[in-house]
Amino acid sequence: MLDERYFSLRAHLYEREEAQTIAFKLQELETIWYCSQKNAKRILKELDADGRLTYIPGKGRGKPSTLLFPKPFQKEVEDFVTACVERDELDKAAHLLRLPIPKSWIAKASYDIRKMFSYREQSSPKDVLHAFIARSLTTLDPLEVSITFEAHMIEQLGDPLLKYDAEIDEVLPHIAHHVDVDDSARTWTFHLRKGVRFHNDEELTSEDVHSTLSRAMNTEASTSWLTEGIRSIECPSRYKVIIHLDEPNPFFPRYMAASNLCILPAGTPFDEHEWIGTGPFYLKELTEHKLVLAAFDGYFKERPLLDEVQFFKVSQEAASIINFTVEDSEDVNPAQKHEVETGFRFLTFNFHKDNIVQDPHFREAIYHILDIQEMADSFGWHSFGDPNDLPGENQYVEASSFVPTRSTHLEKKSSLIPELLRKSGYEGEPLKLFHLEFPNAVKEAEWLEKRGAEYGIHFERHPFNFSNFYTEEMDKDVDLIFMGEVSSLDPHLSFLGAFYNKNLFFRRFFPDWGLQWIHDKLEVFKRQDTAEEREQVMDEIETYIRKQNFLIFQYHPVKVRTFHPMIQDVRFQSFGHFDFSKIWIPR
């Protein structure tokens, strides 16, 4: 604990150090250490007694105190990393990497860190893969999850009745080995596999399916729309479930393949920290700073080849330097895998506030201001496939659609901006521009702030994080917001979810009249028999969104993952993340 206290203190006050000396007030330590001033004094005396520092209390009320350190901070960091490597203390090293330490220091120590957070064959032996995440988890409740990393974790922990296969665009048997449907497409009968086991070794039955769907139907959850059309559920036998719908829905099997409806045990109340499902991995450990998935030996499909995947929370700087690692005697160059993300970045408006964004001329002006090619040029980005760029580095695809295959170039005309602003009646009032606190999101918001100022638009930037994402409090403050939408393996189901999921900003910020038009079209979408017919309806909806400027399409990111070249069978799964159940490392 003294190590954690010491490095937290030094990292947060380091910028004020002069000759290894810092002047400070005890009130500052209350925030750094989350304790009272009395406890802060006690900890300082312990650190002093341990030889970590010299504490000189301020003389007189309100006078600053002084800390003297025996070594330069960078030297302390390097020595601590070396000691952690020697003692194999991963958790201590991860704490250090969560602190605001200069990126160059982390880069210098990255070989030692990669060696320590490496794949290793332990005495069991176990194949363990380590990875870093740069933020705290939000929720692992499958009914509420709307963030891609957490959604991907749920795919590892649980299984739905059916499984969508993106390569052939079909829903295949999974927990249900066979599905029958009547001529009206209102009654669906699912025949369950025998011997499917939960992580607590109980067998999955029809009652578990009934309980899981009932939980979604009776909860005001973000993904309850998946069960809204269900009228009743019957369980005539242990391995048979009959679902009756209010209306015909040929698209219903896609709902039952959603990971949000992974089957949970009926007799166990859901607990995020005691996650029980049937997935290829079970939840071995979940704390504020660590997540561990372990292979489920009783999985009814193919067991994962890895035994564990351990995620450690670190700073954004550390996560950007070090990714999936394996043990190796040499500091080899990491391999990369990249693909164009089936998702897009966008700017949208809050139509539920009575302000200038309600005016179509103003939104059109913002459309022309947010020129992705000008932004890309200023950041040194290149269009995906540009032969002058390194593969996967600073690349993007201009977006005009939810998916890259439907996107085309959108013409922006800066000459129209002044007249559009004049017609809108904008008078320079400040507008709150929200954006995620990640470095790239900050850069893009700063770019728009500067670009808007050239035309007299006053943006006030407000960073937020994913913990704010699920709260409705910020909805009252947002005027405009930068965000992204990422598809699962099933882009058509994800398209529905974009407008039905109450946590997503389309549902939260679009005007009611616009959502009603879109929802009417989605009813047509669900009745289409072929992917081509559904794509046509999707194109109509996207055209409507562009015409109204409900949101401004930016770009499709090129997702890049770095990993040690020994790691084999690296494949992207849903949301642009690796499929951990297929990864392996040759011995």
Side-chain angles (χ1 to χ4, degrees), residues 148-149 151-179 181 188 190 193 196 226 250-263 278-281 299-306 324 335-344 384-385 391-392 397 399 401-407 485-498 525-526 528-539 556-561 563 567-584:
T148 58
F149 178 77
H152 181 55
M153 292 302 99
I154 286 170
E155 290 183 331
Q156 311 302 306
L157 295 168
D159 292 288
L161 288 174
L162 305 173
K163 201 79 166 180
Y164 175 75
D165 188 321
E167 292 185 4
I168 59 176
D169 188 33
E170 287 184 13
V171 175
L172 303 177
H174 200 53
I175 286 178
H177 65 81
H178 194 80
V179 182
V181 59
W188 297 81
F190 297 85
R193 294 179 188 272
V196 176
L226 291 164
F251 205 66
F252 186 68
R254 304 282 269 263
Y255 290 16
M256 295 298 102
S259 59
N260 304 94
L261 295 182
C262 57
I263 307 304
T278 64
F281 291 91
Y299 188 49
F300 73 98
K301 290 281 192 175
E302 184 179 350
R303 182 198 185 277
L305 300 171
L306 290 175
F324 299 99
Q336 287 189 342
K337 194 173 184 69
H338 66 277
E339 67 173 14
V340 180
E341 185 176 271
T342 307
F344 65 102
F384 183 63
V397 174
S401 163
F402 279 53
V403 295
T405 53
R406 289 198 302 272
S407 283
E485 170 68 8
V486 185
S487 172
S488 68
L489 285 176
D490 186 346
H492 290 183
L493 187 69
S494 290
F495 191 80
L496 283 177
F525 168 91
K526 289 185 288 188
Q528 304 308 304
D529 294 323
T530 67
E532 290 75 15
E533 291 170 329
R534 290 193 292 272
E535 291 277 338
Q536 184 176 342
V537 179
M538 293 163 76
D539 185 63
H556 304 284
V558 177
K559 185 69 73 173
V560 180
R561 302 289 185 189
F563 53 94
I567 298 176
Q568 302 295 310
D569 284 351
V570 175
R571 308 174 191 174
F572 284 105
Q573 200 177 21
S574 286
F575 313 108
H577 292 284
F578 290 158
D579 182 355
F580 297 117
S581 68
K582 300 296 189 293
I583 289 175
W584 64 285

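Values in this document were obtained by computation on a predicted structure and should not be read as measured data.
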Gap separating the CZ atom of Arg534 from the CG atom of Asp539, nearest 0.5 angstrom: 15.0 Å

Are side-chain heavy atoms of Phe495 and Glu535 found at a separation under 4.5 Å? no

Distance-minimising heavy-atom pair for Gly343 and Pro557: O-CD, 4.1 Å

Testing the basics here: between His556 and Ser401, what is the closest heavy-atom pair and its distance to 0.1 Å? CE1-O, 3.3 Å

To the nearest 0.5 Å, tell me how far Thr278 OG1 sits from Ile175 CD1. 4.0 Å

All side-chain hydrogen bond (donor to acceptor under 3.5 Å, both in side chains) counterparts of Arg193, not counting sequence neighbours: none

With a 4.5 Å limit on heavy-atom distance, are the side chains of Asp159 and Phe300 in contact? yes

What heavy-atom pair brings Ala257 and Pro160 nearest, and what distance separates the two atoms? O-CG, 3.5 Å

Between Arg303 and Leu306, which heavy-atom pair has the shortest distance, and what is it? NH1-O, 3.8 Å

Evaluate the side-chain proximity of Trp188 to Met256: yes if any heavy-atom separation is below 4.5 Å, no if none is. no

If you take all heavy atoms of Pro253 and Val171, which pair is closest and at what distance? O-CG1, 4.0 Å

Between Arg254 and Leu493, the two heavy atoms sitting closest are O-CD2, 3.4 Å

If the plane angle is over 60° it's perpendicular, under 30° parallel, otherwise tilted; pick one for Phe344 and Phe402. tilted

Would you say that more than 12 heavy atoms from the other residues, nucleotides or ligands in this model lie under 6.0 Å from the CD of Gln536, or not? no

Taking the side chain as every heavy atom from C-beta outward, state whether Cys262 and Ile154 have any atom pair closer than 4.5 Å. yes

Is any side-chain heavy atom of Phe281 closer than 4.5 Å to one of Pro304? yes

Atom CG of Asp490 and atom CG of Leu496: how far apart are they, to the nearest 0.5 Å? 9.0 Å

Is Met538 close to Arg406 at the side-chain level, that is, under 4.5 Å between some pair of heavy atoms? yes

Verify the ring-centre separation between Phe190 and His174: is it less than 6.0 angstrom? no

I want to check something: taking the side chain as every heavy atom from C-beta on, are Tyr164 and Ser259 in contact at a cut-off of under 4.5 Å? no

